[in-house]
Structures are given as structure tokens and as C-alpha cells.
Engineer: 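Quick one: the structure is below, questions incoming.
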There are 2 protein chains.
Amino acid sequence: MARTTGSDGGRTEAAVREAAVNLIARYGYEAMSMRQLAAEVGVQAAALYRYFPTKEDLLFTLMREHMQGLHEAWEHSRPGDADPARQLAAYVRNHIAFHIGRRHATHVSNMELRSLSPDRLTQILRLRTAYEKELRSILRDGAEAGIFNIEDTGLTAMALIQMMTGVIVWFRPGERLSITEVTTTYLSMTMRLVGAKIDSITTGPRVTSDAQWTL
Amino acid sequence: MARTTGSDGGRTEAAVREAAVNLIARYGYEAMSMRQLAAEVGVQAAALYRYFPTKEDLLFTLMREHMQGLHEAWEHSRPGDADPARQLAAYVRNHIAFHIGRRHATHVSNMELRSLSPDRLTQILRLRTAYEKELRSILRDGAEAGIFNIEDTGLTAMALIQMMTGVIVWFRPGERLSITEVTTTYLSMTMRLVGAKIDSITTGPRVTSDAQWTL
DNA sequence: GAATTAATTGAACGTTCGTTTTATTACTGC
DNA sequence: GCAGTAATAAAACGAACGTTCAATTAATTC
């Protein structure tokens with residue numbers, strides 16, 4: 001046989017991407033074989049090479065688009081003129097929503113960096129660094145304005161990102177907590193972690209621990 | 001050739017373990033070949049099978065001993081009768097010290113779970129859960145005593161562990177920050193995150209953000 | 001110093017891997 | 001309906017994989 005009835009390049013490529021994300025997230029990039037991926041799509045292995053020249057190209061494409069998507073999501077949801085506390089809240093909300101919505105893709109982007117060639121690794125890390133830089137910038141602004149109480153901006157940014165991204169490790173939709181509840185709790189923890197004051201103008205007592213961070 | 005002069009089973013096994021941890025951490029379990037591991041040790045691939053019956057047995061042994069070591073380290077460093085804040089501080093200190101000291105082994109234990117057979121995965125997860133349970137217990141005690149201000153004990157425990165373990169992703173000995181500085185900052189962040197009061201008896205104003213957590 | 005045990009080599013086994021090549025069929029534009 | 005292109009199958013490639021086996025030598029025991 002050769003071309004099958006109803007075959008469509010666009011649909012097949014989309015199916016390949018989706019199946020690849022799921023298989024790599026579950027078994028790992030090295031453990032997933034091209035034949036296994038092809039079987040999942042319902043196609044022969046050779047057909048995959050019409051869309052991705054090598055296995056690593058496939059991995060790189062998935063990662064790059066995931067990282068770009070993350071950055072674009074933030075740029076669309078960032079408040080333009082808000083104070084650092086509101087900016088931070090928006091960052092946390094975007095980060096959690098994006099990652100919970102794409103648990104498998106996040107797993108791939110975080111776990112399979114070592115399977116990239118050096119220059120492609122550099123490209124992905126550049127995208128990641130640019131995204132993290134946004135958070136550091138918010139933290140610095142807040143610290144300088146006296147709204148946050150932070151020992152080390154870079155270290156705090158890394159701690160926050162690790163904490164937030166970690167949601168995908170244990171969160172399963174439909175279990176004990178809803179996405180809204182999880183996000184609310186993470187917002188509270190974040191604001192306490194950075195020592196945020198609820199009001200940057202008044203110099204009243206700290207009410208951080210009890211505040212509702214619905215900024 | 002056959003047995004080489006000066007060969008010693010104990011030494012060879014130790015060398016295999018060490019080389020395996022490093023190679024798996026760097027390239028991943030699937031990507032590391034038994035021949036590559038043997039070459040690193042300075043031995044033929046067949047010799048490895050004297051010490052570990054299969055490749056997965058090797059992985060499982062490394063993981064199990066790492067998790068057991070983590071739990072034992074905590075049991076040796078836990079304060080017997082301290083209040084929850086001090087208990088939490090000791091937990092954080094032990095966790096960070098242990099993980100920074102064994103970055104590669106931690107990477108293996110965190111990243112290669114999917115390469116284990118189902119029942120071995122269960123065994124490792126049981127060890128991990130037992131260790132995490134200790135933290136949840138501390139948080140619950142502190143919350144009930146009114147020392148901590150926590151929305152959800154389980155969620156906070158996961159967030160803290162993800163945050164602390166994340167240290168190994170970016171921390172490199174000898175760079176900008178020392179282990180002591182990192183640990184101190186993480187202690188401060190942890191105490192703020194759980195909304196700890198510096199003194200559980202007095203009901204004075206919160207000074208969390210500015211407190212030196214040298215418990 | 002002979003017998004036994006411990007440690008390792010070298011070669012081989014069957015399988016699976018990523019990838020390439022060639023041929024064949026379905027679709028599209030005219 | 002015919003030419004050209006898009007999409008796939010089928011088969012094969014050499015290389016690498018985890019693992020096994022028999023042979024061989026070093027150390028130990030008595």
C-alpha cells in the first residue's frame with residue numbers, strides 16, 4: 001500500500017505532535033521509539049520522516065513551541081501599569097494556568113533538555129532565561145519600592161519558579177482541589193514568601209498572613 | 001585475558017555505583033549504555049553483571065539507597081522535643097544539605113522513576129511518601145498550635161519540597177552564593193511561606209519578614 | 001603447592017533502534 | 001481524464017543495545 005484514503009498532511013503532523021508529547025512525557029524521549037510513536041498515530045515509522053527530519057528535530061520543535069507559548073501567554077496576560085504585587089500575582093496566575101493546562105508538554109521541556117544537541121539546548125535555555133528574567137524584574141521592582149522583603153532576587157525567583165512548576169508533579173484535575181483553589185493557595189504562599197505588604201502606601205502593621213490576595 | 005592483577009570486587013562495585021550515578025544524571029538512564037558505564041569504570045561490560053543482574057537492578061539499588069539515606073539523615077538530625085518552628089528549620093536544613101551534597105543521586109531519584117517496573121516504583125514512592133509525611137506532620141502540628149498560618153497542609157508540604165529540592169537545579173558549589181547563604185535564605189523564605197510567628201507564646205505583632213531564622 | 005574461589009575477558013546472541021530507499025496509491029488542478 | 005504532487009507502505013540498512021557463556025587468570029585457602 002501507499003497513500004491511504006483520507007490522509008491529510010496537516011492532520012497527521014498534528015497527531016504526531018500530540019502523540020509524541022504524551023509518549024515522551026510518559027516513557028521519556030530515549031525510551032520512546034519512532035515505531036511506537038508511529039503506531040500510536042496509526043501510521044508506519046517511515047511516514048514520520050515526512051514531517052520531522054530526525055527524532056531530535058521532533059523533540060526540539062515541541063520544546064521550542066512550548067517555551068515560546070509560555071512567554072507569549074505571559075505577554076498577553078501581563079498588566080501594563082500595575083504595581084509589583086499585582087504584576088507578581090498575574091505572573092503566578094499565568095504560570096500555574098499555563099502549566100496545569102499543558103502538564104505533559106511541561107514535563108517534556110523540563111526533563112528532556114539533556115537529549116538536545118548543545119546549540120539547541122542553548123536556544124531553549126535562552127527562551128527559559130528570558131521568561132525567568134521577567135519574574136526577577138518584578139521582584140526587583142517590588143524590593144526597591146519597599147513592597148517586597150527579599151534577601152536575594154535571583155534566588156527567590158528560582159525558588160518561586162520551582163515551587164510553581166512543581167504543581168504539575170502532583171496536581172491531577174478532578175481530585176481534591178480545583179485549579180482555582182490551588183491557584184489561590186499558591187498566590188497566598190507566594191505573597192508571604194516575598195514578604196509582600198498588602199498596601200505599599202500605608203505603613204500599618206503587616207497583615208500578610210491573613211490577607212486575601214485577590215489582586 | 002581474565003582476572004586482572006589487583007582486582008577487587010568491593011572496589012569495583014563501588015566504582016560502578018559512582019560512575020552509574022554520574023552517567024545517569026548526565027545522560028539519563030535510557031541513554032546510558034552498559035558498555036559506556038563499563039568503559040567509565042575501566043572494565044568490560046560483562047563484568048558489570050557480576051554485581052548487578054540487570055540494568056534496572058542497578059538503577060533500583062541506587063534509588064533505594066538514596067531514599068533510605070535521606071530518611072536516615074533526617075532521623076539523625078531531627079530535634080526530639082523542639083517546637084514546630086524548630087522542627088521545620090531542622091527539616092529544611094537537612095533537606096538542603098543532603099540534596100546539595102548528592103546532586104547527581106537526587107537527579108536520578110527524581111527523574112528516572114518511569115524506568116522502574118511497577119512494583120519497584122511502588123517501593124520507591126513508599127519511601128518518598130514516608131519522608132514527605134514527616135514534613136506534613138510538622139506543618140500540621142504548627143498549624144494546630146497557631147504557630148504557622150497555612151491554608152492546606154498537604155499542598156504547602158509539596159510546595160516546600162519542590163522549592164527546596166529545586167536548589168540542585170541551579171546551585172553550583174563555589175559560585176556566587178555559599179551553601180550557608182543559600183540555606184539561610186531558604187530558611188527565611190520557608191518561615192515566611194508558612195506564616196510562622198517568631199514567638200508562639202506572645203501575641204505581639206508579626207515580625208516574620210525581618211526575623212533572623214537562626215533557630 | 002595443589003585445590004578452590006573470585007574477578008574478569010572476549011566473543012557471540014537475538015533484538016531493536018533511527019533512518020533511508022523505492023514503489024505505490026490518493027488527491028488536486030486543469 | 002490526465003499530469004503532477006502529496007502521503008504513505010514495505011522492506012531493508014548498519015549500528016547499537018542488554019545480556020549470556022565459556023575460557024582464563026589472580027587471589028585465597030588449607
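Proteins come first, then strands; the chains are lettered A, B, ... in the order of their sequence lines, and each starts at number 1.
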Engineer: Could you state the atom-to-atom distance from CZ of B:Arg3 to C1' of C:dT8 in whole Å?
Structural biologist: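 The answer, rounded to whole Å, is 8 Å.
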Engineer: Counting side-chain heavy atoms from C-beta on, which of C:dA6, D:dT19, D:dA9 comes nearest to A:Thr4?
Structural biologist: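 In terms of side-chain proximity for A:Thr4, the closest of C:dA6, D:dT19, D:dA9 is D:dA9.
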Engineer: Using whole Å, what does the distance between atom C1' of nucleotide D:dT19 and atom CD of B:Glu56 come to?
Structural biologist: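 To the nearest whole Å, that distance equals 14 Å.
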Engineer: Please determine whether a side-chain nitrogen of the Lys or Arg among B:Glu112 and A:Arg114 lies less than 4.0 Å from a carboxylate oxygen of the Asp or Glu.
Structural biologist: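 The answer is yes: the pair qualifies as a salt bridge.
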Engineer: Atom CG of A:Leu37 and atom P of C:dC17: how far apart are they, to the nearest Å?
Structural biologist: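 A:Leu37 atom CG is separated from C:dC17 atom P by 12 Å.
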Engineer: Measure from the side chain of A:Ser33, starting at C-beta and using heavy atoms only, and say which of C:dA7, C:dC17, C:dT19 lies closest.
Structural biologist: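 Nearest to the side-chain atoms of A:Ser33, counting from C-beta on, is C:dC17.
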Engineer: Is the phosphate of D:dT8 approached by A:Thr12 (side-chain N or O, under 4.0 Å from OP1 or OP2)?
Structural biologist: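 So the side-chain polar atoms of A:Thr12 do come within 4.0 Å of the phosphate oxygens OP1 or OP2 of D:dT8, strictly under.
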Engineer: Specify the separation, in whole Å, of atom CD of B:Gln44 and atom P of C:dT9.
Structural biologist: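 After rounding, the gap between these two atoms is 5 Å.
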Engineer: Please tell me which of A:Pro53 and B:Gly10 maps to the more 5' nucleotide of DNA chain C, matching each residue to the nucleotide holding its nearest heavy atom.
Structural biologist: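 It is B:Gly10, whose closest nucleotide lies nearer the 5' terminus.
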Engineer: Salt bridge between A:Arg17 and A:Glu13, side-chain N to carboxylate O under 4.0 Å?
Structural biologist: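 Salt bridge: yes.
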Engineer: What is the ring orientation for B:Tyr131 with B:Tyr91, classed by angle as parallel under 30°, tilted 30 to 60°, or perpendicular over 60°?
Structural biologist: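 It falls in the parallel class, under 30°.
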Engineer: To the nearest angstrom, how far is B:Leu48 atom CG from C:dG10 atom C1'?
Structural biologist: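 For the pair B:Leu48 CG and C:dG10 C1', the rounded distance is 14 Å.
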Engineer: Take atom CZ of B:Arg50 and atom C1' of C:dT9, then tell me their distance rounded to the nearest Å.
Structural biologist: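 That distance rounds to 13 Å.
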Engineer: Where does the angle between the aromatic ring planes of A:Trp170 and A:Tyr186 fall among parallel (under 30°), tilted (30 to 60°) and perpendicular (over 60°)?
Structural biologist: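 Ring orientation of A:Trp170 relative to A:Tyr186: parallel.
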Engineer: With respect to the side chain of B:Tyr51, which nucleotide from C:dC17, D:dG18, C:dT8 is positioned closest?
Structural biologist: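 Of all the options, the side chain of B:Tyr51 is nearest to C:dT8.
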Engineer: Output the rounded distance in Å from NZ (A:Lys55) to P (C:dT16).
Structural biologist: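 It is 15 Å, rounded to the nearest whole Å.
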Engineer: From the list C:dG18, D:dA9, D:dT8, which nucleotide is the closest neighbour of the side chain of A:Ala46?
Structural biologist: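 The nucleotide sitting nearest to the side chain is D:dA9.
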Engineer: Tell me which nucleotide among D:dT20, D:dT25, C:dT8 gets nearest to the side chain of B:Ala47.
Structural biologist: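 So the side chain of B:Ala47 is nearest to C:dT8.
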Engineer: Compare the minimum distances between each of D:dA9, C:dT8, D:dA12 and the side chain of B:Val43, then state the nucleotide with the smallest one.
Structural biologist: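 So the nucleotide nearest the side chain must be C:dT8.
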Engineer: How many whole angstroms separate atom CZ of B:Arg11 from atom P of D:dA26?
Structural biologist: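 Roughly 16 Å, once rounded to whole Å.
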Engineer: Before accepting this row, confirm whether a basic side-chain N of the pair B:Arg86/B:Asp81 lies closer than 4.0 Å to the acidic partner's carboxylate O.
Structural biologist: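 No.
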